[in-house]
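Right, one structure below, let's go through it.
Reminder, nothing fancy here: chain letters follow the sequence lines and each chain counts from 1. What's counted below: heavy atoms across the whole structure, side chains too, no hydrogens, waters or symmetry copies.
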Protein chains: 2
Amino acid sequence: MTVKQKKRGRPSKLTREAIVLGAKEWMLEQNKKLSIRALASHLEVDPMAIYHYFDNKAALLEAITISIMQGIYTPGNSSSWQMELTKLCHSYLSLLRDHPGLLETLLSMGGEMAGPAEVFRERFDLAIAPLSLEESRKNAALDLLVDYMHGFALALHCAKDKSKLEVSAIERPLALYLSILEVET
Amino acid sequence: MTVKQKKRGRPSKLTREAIVLGAKEWMLEQNKKLSIRALASHLEVDPMAIYHYFDNKAALLEAITISIMQGIYTPGNSSSWQMELTKLCHSYLSLLRDHPGLLETLLSMGGEMAGPAEVFRERFDLAIAPLSLEESRKNAALDLLVDYMHGFALALHCAKDKSKLEVSAIERPLALYLSILEVET
DNA sequence: TATTTTTATTCTACACCGTAGAAAAACAAT
DNA sequence: ATTGTTTTTCTACGGTGTAGAATAAAAATA
């Protein structure tokens, strides 16, 4: 293993990680959909510099999305499965709320392996493990919950009167949802 | 009442209705998000002509949305409430699928009176009238269903492999949903 | 040391978008 | 013939993603 092998060519201020980090910073403080030019000026760099590290905007957004999805809540055994699932949902919705455009990128990354959508599935499985549901029923339950939250997250972003709509508004529909899972088949 | 009172000024090829109609045509055949320039060239007119009839793009999209939402299914008594509700959902999702951007406009029009979101609420009420649910439970059920469908519709548009995702994919989650309403409180 | 090669960054430019504001065109009323 | 009203077009600005060429700064090589 070579130690401290120096890099050739012009020295770089940028890295993929720095770009993704800068993008997350920008999104949190601006709460707007990211543009390459805005990100570039935040990084104090020419817009085209970003394209040396990412093929296109979609590729950058995917990297950002994967990074953000790391921060989602991991259910454990510290409380009831209802509480754990509720915490998971709140965590997921907060991430979606605070990062405009995240949802669309997430969905466009499709159902392939190891995508960020798969991360939620794993956490969901953890949360409802105590129920030991039949597989097909579990899949239907996951689809219903995930798409419900996506619809809700989209409403959060589209709402003009932001004060009227908060994450806490999921409570009653979510309670209704939880009541399905409690019913034995 | 004056008969055939002639209009002053330059004669107009355009009307609000013609613009909305042309927009719907364009969306159906292109299946893309509408742009003012694309619509203008479809109507064989200068882009700015459209702004004589609509304040801005958002106003145009709202008119289009209202027009499209007229076409949604009206539940009756011809079959079980489950079937009527299912037909309503399929109808709604098909409209959302065939008109990209409709969903976002619909949500941005907010919860005010007589908005297109209100149209769905009325149809929902018709469909589940036989159940005579308590008001707060009905609201939670509506929220859960609407946001689920919105999430699903968004997934339809974002999916890269369009063949993998069709409206029929709602059936199992929807069946799960229907099972909630059947449970007595 | 001088030259070449590799890499990172910037610059310029294009096609698209929404749309503001001025100009022009076509008619009715005067 | 002139004025007024309405509709349509023209020109232009600032925004977007990004392709392609030019430039700069280092290491590698001669």
Side-chain angles (χ1 to χ4, degrees), chain A residues 2-23 26-27 30-65 100-102 104-105 108-109 157-158 160, chain B residues 2-23 26-27 30-65 100-102 104-105 108-109 157-158 160:
Chain A
T2 53
V3 187
K4 265 271 173 144
Q5 172 114 2
K6 273 221 176 177
K7 277 208 184 165
R8 298 200 289 182
R10 183 175 183 164
S12 60
K13 324 190 286 190
L14 285 177
T15 60
R16 285 176 63 97
E17 291 69 33
I19 293 171
V20 169
L21 191 68
W26 189 92
M27 289 173 96
Q30 299 287 333
N31 205 75
K32 287 189 262 180
K33 280 198 181 172
L34 186 70
S35 87
I36 297 289
R37 283 174 158 94
L39 173 57
S41 89
H42 177 74
L43 296 170
E44 292 178 303
V45 124
D46 185 273
M48 292 310 293
I50 294 169
Y51 284 88
H52 189 256
Y53 298 89
F54 297 94
D55 280 354
N56 46 49
K57 191 185 180 183
L60 167 59
L61 289 178
E62 289 180 9
I64 294 168
T65 299
L102 184 67
E104 288 82 350
T105 304
S108 75
M109 293 176 74
H157 285 297
C158 292
K160 286 173 176 170
Chain B
T2 55
V3 187
K4 265 273 173 145
Q5 172 114 5
K6 273 221 174 177
K7 277 203 182 168
R8 297 202 289 184
R10 184 173 182 164
S12 60
K13 324 191 289 190
L14 286 177
T15 59
R16 285 176 65 96
E17 291 69 32
I19 294 171
V20 168
L21 191 69
W26 188 92
M27 289 172 97
Q30 299 286 333
N31 207 73
K32 286 189 262 181
K33 279 198 182 173
L34 185 70
S35 87
I36 296 289
R37 283 173 156 94
L39 173 56
S41 89
H42 178 74
L43 296 170
E44 291 179 301
V45 125
D46 186 273
M48 292 309 294
I50 294 168
Y51 284 88
H52 188 256
Y53 297 89
F54 297 94
D55 280 355
N56 47 48
K57 190 184 181 183
L60 168 59
L61 289 178
E62 290 180 9
I64 295 169
T65 299
L102 184 67
E104 288 82 350
T105 304
S108 76
M109 292 175 73
H157 286 296
C158 292
K160 286 172 177 171

Rounding to an integer number of Å, can you tell me how far [X] [atom1] sits from [N] [atom2]?
{"X": "A:Lys33", "N": "D:dG17", "atom1": "NZ", "atom2": "P", "answer": "11 Å"}
{"X": "A:Asn56", "N": "C:dC16", "atom1": "CG", "atom2": "P", "answer": "19 Å"}
{"X": "A:Lys57", "N": "C:dC16", "atom1": "NZ", "atom2": "C1'", "answer": "14 Å"}
{"X": "A:Tyr51", "N": "D:dT16", "atom1": "OH", "atom2": "P", "answer": "11 Å"}
{"X": "B:Ile19", "N": "D:dT8", "atom1": "CD1", "atom2": "C1'", "answer": "11 Å"}
{"X": "B:Leu39", "N": "C:dG18", "atom1": "CG", "atom2": "P", "answer": "10 Å"}

Could you measure the distance from the [atom1] atom of [X] to the [atom2] atom of [Y]? Nearest 0.5 Å is fine.
{"X": "B:Lys33", "Y": "B:Glu104", "atom1": "NZ", "atom2": "CD", "value": "4.5 Å"}
{"X": "B:Leu14", "Y": "B:Ile50", "atom1": "CG", "atom2": "CD1", "value": "7.5 Å"}
{"X": "B:Leu102", "Y": "B:Leu61", "atom1": "CG", "atom2": "CG", "value": "9.0 Å"}

- Would you check if A:Tyr51 and A:Ile36 make a side-chain contact, meaning some heavy-atom pair closer than 4.5 Å?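 The answer is yes, as the side chains (C-beta and beyond) meet within the 4.5 Å cut-off.
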
- Item | pair A:Lys32-A:Pro100: side-chain heavy atoms closer than 4.5 Å |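 Result no, sub-4.5 Å side-chain heavy-atom pair not found.
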
- Along nucleotides 6-14 of chain C, 5' to 3', which nucleotides get a B, which get an S, and which get a -, given that the test is a protein heavy-atom distance under 4.0 Å? BBBBBB-B-

- Only one of A:Leu34, A:Leu39, A:Thr105 passes side chain to side chain contact (heavy atoms under 4.5 Å, CB included) with A:Ile64; say which it is.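 Result for side chain to side chain contact (heavy atoms under 4.5 Å, CB included) with A:Ile64: A:Leu34.
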
